[in-house]
Amino acid sequence: MSKSHDLASGLVARLLATRSRAHALHLLTKSYEVHKAMEFLYTGLPDLTDDFAEVYQGRFGVRLDLTKALGNPPSEPKDLVSALRRWISEIRKEIGGADDTHLQNIIDEIMAHLDRTSYLLSLT
């Protein structure tokens, strides 16, 4: 599998893990603001994750390998969002090719979702 495919697989797996962690944090927090911010994150990520995975797989005719271990995502809400955002910023240009702007647009939507979640968390 190419490096781009490995990174795309890692992105999808990490988005899925972040969604689950965000839902747990949503249920565990005592802060209403964190509760709502994590709800925004975990309800928005599934559709964006699905969009990216299906478009990537359709574009390249591959099935992504989601079996790679990614470790545990951070357990603090702000750390969860910032770690994912930082990682995506580092790897995003290596996913797809120069003509795959549609994949980068979906990644832009994911980044915007993370930025809005960061804003909601800043209100706490």
Side-chain angles (χ1 to χ4, degrees):
M1 194 173 261
S2 75
K3 183 175 182 179
S4 177
H5 298 340
D6 286 344
L7 289 172
S9 296
L11 174 59
V12 170
R14 195 158 177 173
L15 290 169
L16 292 171
T18 298
R19 184 250 166 258
S20 293
R21 180 59 62 114
H23 198 163
L25 292 171
H26 161 82
L27 296 171
L28 296 172
T29 187
K30 293 179 181 180
S31 164
Y32 177 75
E33 292 84 0
V34 171
H35 180 80
K36 295 309 285 183
M38 291 295 93
E39 179 181 23
F40 176 77
L41 182 60
Y42 82 76
T43 59
L45 277 184
D47 286 340
L48 292 168
T49 303
D50 203 55
D51 288 348
F52 179 82
E54 290 177 357
V55 171
Y56 190 92
Q57 290 178 137
R59 167 69 177 92
F60 293 102
V62 298
R63 292 291 169 254
L64 296 175
D65 178 6
L66 305 179
T67 60
K68 295 183 179 184
L70 296 172
N72 292 323
S75 59
E76 290 297 320
K78 290 179 183 178
D79 295 340
L80 179 71
V81 174
S82 65
L84 179 58
R85 190 181 196 300
R86 191 170 40 254
W87 182 77
I88 292 172
S89 292
E90 292 170 5
I91 59 97
R92 68 177 296 165
K93 296 300 181 193
E94 298 179 59
I95 295 176
D99 294 334
D100 296 315
T101 58
H102 54 297
L103 290 169
Q104 292 301 319
N105 286 339
I106 297 169
I107 293 173
D108 286 340
E109 290 179 39
I110 293 166
M111 296 296 271
H113 198 78
L114 294 173
D115 287 344
R116 185 160 185 194
T117 302
S118 291
Y119 164 72
L120 292 171
L121 288 170
S122 76
L123 302 175
T124 64

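- Judged purely by atom type and a 3.5 angstrom limit, Ser4 uses its side chain to pair as donor or acceptor with the backbone of Gly96.
- To the nearest 0.5 angstrom, His102 atom NE2 is 5.0 Å from Asp100 atom CG.
- When the shell of 6.0 Å around CZ of Arg116 is examined, it contains 12 or fewer heavy atoms from other residues, nucleotides or ligands.
- Taken together through direct or relayed side-chain contacts under 4.5 Å among Ile, Leu, Val, Met, Phe, Trp and Tyr, Leu103 and Leu66 form part of one hydrophobic cluster.
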Exercise for the section: Evaluate the criterion side-chain contact (heavy atoms from CB on, under 4.5 Å) for residue pair Leu15 and Leu48; output intermediate values, then yes/no. Expected result: CA-CA 9 Å; Leu15 290 169; Leu48 292 168; over 6 Å; no
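- The shortest heavy-atom contact between Thr124 and Ser31 is CG2-OG, 3.9 Å.
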Exercise for the section: Decide side-chain contact (heavy atoms from CB on, under 4.5 Å) for Leu120 and Leu41; before the verdict, give the C-alpha distance in whole Å, the side-chain angles of both, and the deciding distance to 0.1 Å. Expected result: CA-CA 10 Å; Leu120 292 171; Leu41 182 60; over 6 Å; no
Handout entry: Test side-chain contact (heavy atoms from CB on, under 4.5 Å) applied to Tyr119 and Leu114, step by step
Key = CA-CA 9 Å; Tyr119 164 72; Leu114 294 173; over 6 Å; no
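- No hydrogens or angles considered: nothing links the side chains of Thr18 and Tyr42 as a donor-acceptor pair under 3.5 Å.
- Between Ser118 and Lys78, every side-chain heavy-atom pair lies at or beyond the 4.5 Å cut-off.
- Nearest heavy atoms, Val62 versus His5: CG1-NE2, 3.5 Å.
- Counting all heavy atoms, side chain and backbone alike, Val12 lies closest to Ala53 at CG2-CB, 3.9 Å.
- Interatomic distance, Leu64 CG to Leu11 CG, rounded to the nearest 0.5 Å: 9.0 Å.
- Using a 4.5 Å heavy-atom cutoff, the side chains of Leu28 and Met38 are not in contact.
- Taking every heavy atom of both residues into account, His113 and Leu45 meet most closely at NE2-N, 4.0 Å.
- Counting only heavy atoms from C-beta outward, the side chains of Leu121 and Phe40 never approach each other to under 4.5 Å.
- His23 is not listed as a side-chain neighbour of Glu39, based on a closest heavy-atom distance of 4.5 Å or more.
- The side-chain heavy atoms of Met111 and Arg92, taken from C-beta on, include a pair separated by under 4.5 Å.
- Minimum interatomic distance between Pro77 and Val34 (heavy atoms only, all atoms of both residues): CG-CG1, 3.5 Å.
- Atoms CG and NE2, from Leu25 and His35 in turn, are 12.0 Å apart once rounded to the nearest 0.5 Å.
- Note that OG of Ser82 is 10.5 Å distant from CD of Glu76, once rounded to the nearest 0.5 Å.
- Side-chain contact between Ile88 and Ile107 is present, with at least one heavy-atom pair separated by less than 4.5 Å.
- In this structure, CG in Asp47 is found 8.5 Å from OG1 in Thr49, a value given to the nearest 0.5 Å.
- Taking 4.5 Å as the limit, every side-chain heavy atom of Ile106 sits out of range of all side-chain heavy atoms of Tyr56.
- For the pair Asp79 and Arg21, the salt-bridge criterion is not met [side-chain N within less than 4.0 Å of a carboxylate O].
- Rounding to the nearest 0.5 angstrom, the gap separating the CD atom in Gln104 from the CZ atom in Phe52 is 8.0 Å.
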